[in-house]
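Values below: every heavy atom of this structure, side chains too, minus hydrogens, waters and symmetry copies. No experiment lies behind these values; they were computed from the predicted model shown. Residue numbers begin at 1 in each chain, while the letters A, B, ... track the order of the sequences.
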Number of protein chains: 2
Amino acid sequence: MDTAAAPERLRAAGLKVTAPRTAVLETLSSPGHLDAESVYERVRQTLPTTSLQAVYGVLAALAGAGLVRRIEPAGSPALYEGRTGDNHHHLVCTKCHTVADVDCVVGEPPCLEPGDARGFAIHTAEVTFWGLCADCRSEPAA
Amino acid sequence: MDTAAAPERLRAAGLKVTAPRTAVLETLSSPGHLDAESVYERVRQTLPTTSLQAVYGVLAALAGAGLVRRIEPAGSPALYEGRTGDNHHHLVCTKCHTVADVDCVVGEPPCLEPGDARGFAIHTAEVTFWGLCADCRSEPAA
DNA sequence: GAGTTGTCTTGATTCATTCAAGACAACTGC
DNA sequence: GCAGTTGTCTTGAATGAATCAAGACAACTC
């Protein structure tokens, strides 16, 4: 991932370029799913003066601009990921709450057309798969 | 829905029959999606001594027994519904947070087989559609 | 009808997140 | 390059949903 492009991507999205925003965006450029607290910890490694509230504000701004995606699996705090725009879905482990990406099941956005939309103007379909991850399956009963 | 069957359904599920449990189960026998607070308010109409913590405990017990289903749309508190076992999905309004049921898109459990399960042993697929509900669509810009 | 087990009530507490006020820095035009 | 304006960041407090804990109480068993 081209981390050097973070400032440009912020500018392109119409956002002011600040150190916390650049740091958060770069942090989320790596694959994975991080909650606000984890983003905060990582950002502080390179930018120790950053506050947790700043991270929340930045994450909201980035999510609003579509630069990061926010997911909220039941039972977990909100998670953020840098992978956007490809309508992928998520596997969540019911035991350790690990989250993994999974590509669209169908070639098309899956299930994007419910049989009866009940008058809703649908713009997003979100699919979450629940199960045991490989690690938790191999563990006896820890 | 046969509300009189609530005690029997509790017994069949191996749960002790108590007034709060019967009241909560009867409340959720009506169609709809209620958060814990709303269940609490309705239960208190017929059982004024019930505590909110009791409602939380009862909801957890009922959900654990499969008598009610718990959903947590992003941005909303947890919602509970009496409709279980038919793997239906949900439409959530991005404006007013109204939740509507939608039947399975495909005849089969939808998207239950992601192309690459990444080692997960999947047992549930959850689909949430996001959009504007009919009411919010018709409102100008309220 | 007494004993045991588990539920309910009351009260406090946790956690993630948001709100608010003021200090500060990024972009604009000069 | 420099001042002004706008919006962001820092610090601190507050909210809301949900959980934990201890003791009182009620449901099922025998």
Q.
Nearest whole Å is fine: how far is D/dA17 C1' from A/E72 CD?
A. 13 Å
Q. Under a 4.5 Å cut-off applied to non-hydrogen side-chain atoms, are A/L25 and A/V58 in contact?
A. no
Q.
Nearest to the A/Y56 side chain among D/dC9, C/dA26, C/dT18, which nucleotide is it?
A. C/dT18
Q | Proximity to the side chain of B/A54 - top-ranked nucleotide from D/dT10, C/dC8, D/dA18 | A | C/dC8
Q: Specify the separation, in whole Å, of atom OH of A/Y40 and atom P of D/dT11.
A: 9 Å
Q. Rounded to the nearest Å, what distance is computed from the CG atom of residue A/D35 to the C1' atom of nucleotide C/dA16?
A. 9 Å
(Q) Need one value for B/A78: base, sugar-phosphate or nothing, where a base atom within 4.0 Å counts as base even if backbone is also close, heavy atoms only. (A) sugar-phosphate
Q: Looking only at side-chain atoms of B/P77, point me to the closest of D/dA18, C/dT17, D/dT10.
A: D/dA18
**Q.** Any B/L67 side-chain heavy atom under 4.5 Å of B/T84 side chain
**A.** no
**Q.** Side-chain donor-acceptor contact under 3.5 Å, A/D101 with A/H90
**A.** yes
(Q) Taking only side-chain N and O atoms of A/T18, does any of them lie within less than 4.0 angstrom of OP1 or OP2 on D/dC9? (A) yes
Q) Mapping B/R21 and A/R70 to their closest nucleotides on DNA chain C, which lands nearer the 5' end? A) B/R21
Q: Decide yes or no for A/I71 and A/E81: does some side-chain heavy atom of the first lie under 4.5 Å from some side-chain heavy atom of the second?
A: yes
**Q.** Atom-to-atom span, CZ of A/R44 to C1' of D/dC9 - whole angstrom
**A.** 13 Å
Q: Take B/L62 and B/L15 through the test side chain to side chain contact (heavy atoms under 4.5 Å, CB included) and record every step on the way to the result.
A: CA-CA 9 Å; B/L62 297 183; B/L15 297 175; 4.0 Å; yes
Q. Think A/R11 has a side-chain N or O under 4.0 angstrom from the OP1 or OP2 of C/dA26?
A. no
(Q) Of the options C/dC8, D/dG7, D/dC28, whose atoms approach the side-chain atoms of A/K16 most closely? (A) D/dG7
(Q) Under 3.5 Å, is there any donor-acceptor pair linking the side chain of A/Q53 to the base of C/dT18? (A) yes
(Q) Nearest heavy atom decides the nucleotide; on that basis, is B/V17 or B/A36 closer to the 5' end of DNA chain D? (A) B/A36
